[in-house]
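One structure is given here, and the rest of the page talks about it.
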Amino acid sequence: MTDGIRTGSAPNFCPPTEEGVVIALQDEKGDTLNLEFLGLILHGGKSYGFFFPVDDANPALSSGEVVLLEVADLDDDGQPAAFELVEDEAIAAEVYEDFKQATADLYRFE
């Protein structure tokens with residue numbers, strides 16, 4: 001990994017303030033999911049967060065499939081406070097392509 005904070009290479013990418021930040025979100029069943037925040041993509045007037053599910057077998061800063069969530073609500077400081085699954089597959093594909101382009105210097109994609 002790098003010694004400093006990673007930066008994105010696109011104006012529509014908001015990287016995390018520090019690497020390895022894990023947040024806990026509750027799903028619709030009330031189960032807690034631990035997700036490493038990888039950054040936000042701004043697309044079509046909306047914000048989309050990219051996350052990596054973490055657990056004992058897959059700690060933060062490791063690799064695997066990512067989860068895409070749309071920002072559904074902001075807090076008083078304008079920071080994401082709630083997320084929803086992206087159900088439109090076409091939008092998800094577009095946003096994922098944006099993410100791959102913006103983070104090509106940060107991550108390897110297969």
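Note that these values count all heavy atoms, side chains included, but never hydrogens, waters or copies made by symmetry.
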### Query
Should we count CD of Gln26 as having more than 12 external heavy atoms under 6.0 Å?
yes
### Task
Please round to the nearest 0.5 Å and tell me the distance separating atom CG of Leu33 and atom CG of Leu25.
7.0 Å
### Task
Indicate yes or no for a side-chain donor-acceptor contact from Glu36 to the backbone of Leu61 under 3.5 Å, with no hydrogens or angles considered.
yes
### Query
Taking Asp77 for the side chain and Gln79 for the main chain, is one N or O donor matched with an acceptor at less than 3.5 Å?
no
### Query
Do you know which two heavy atoms are closest between Ala60 and Gly20, and how far apart they sit?
CB-O, 4.0 Å
### Query
According to a 4.5 Å side-chain heavy-atom criterion applied to Ile, Leu, Val, Met, Phe, Trp and Tyr, with indirect links allowed, do Leu35 and Val66 form part of one hydrophobic cluster?
no
### Query
Looking at Phe50 versus Phe37, is the centre-to-centre ring distance below 6.0 Å?
no
#### Entry: Gap separating the CG atom of Leu40 from the CG atom of Leu69, nearest 0.5 angstrom
10.5 Å
### Task
Might you point out which heavy atoms bring Ser62 and Asn58 nearest each other, and give the distance in Å?
OG-C, 3.6 Å
### Query
Can Val86 be reached from Val71 by stepping across I, L, V, M, F, W or Y side chains whose heavy atoms are under 4.5 Å apart?
no
### Task
Measure the spacing between NE2 of His43 and CD of Glu70 and express it to the nearest 0.5 Å.
10.5 Å
### Message
Do Ser47 and Leu42 make a side-chain contact, defined as non-hydrogen atoms from C-beta onward lying under 4.5 Å apart?
### Response
yes
### The single option from Phe99, Tyr48, Phe83 passing side-chain contact (heavy atoms from CB on, under 4.5 Å) against Leu68
Tyr48
### Task
Taking all non-hydrogen atoms of both residues into account, name the closest pair between Asp75 and Ala81 and its distance.
N-CB, 3.7 Å
### Query
Looking at CZ of Phe13 and CD of Gln101, how far apart are the two atoms once the value is rounded to the nearest 0.5 Å?
13.0 Å
### Message
Hydrophobic cluster membership, with links at side-chain heavy-atom distances under 4.5 Å among I/L/V/M/F/W/Y: are Leu38 and Val22 in one?
### Response
yes
### Task
Indicate if Ile41 and Leu74 have the same hydrophobic cluster label, given that clusters are the connected sets of ILVMFWY residues with side-chain heavy-atom separations under 4.5 angstrom.
no
### Query
About how many Å separate CG of Asn34 and CZ of Phe51, when rounded to the nearest 0.5 Å?
12.0 Å
### Query
From Lys46 NZ over to Ile91 CD1, what is the distance, rounded to the nearest 0.5 angstrom?
7.5 Å
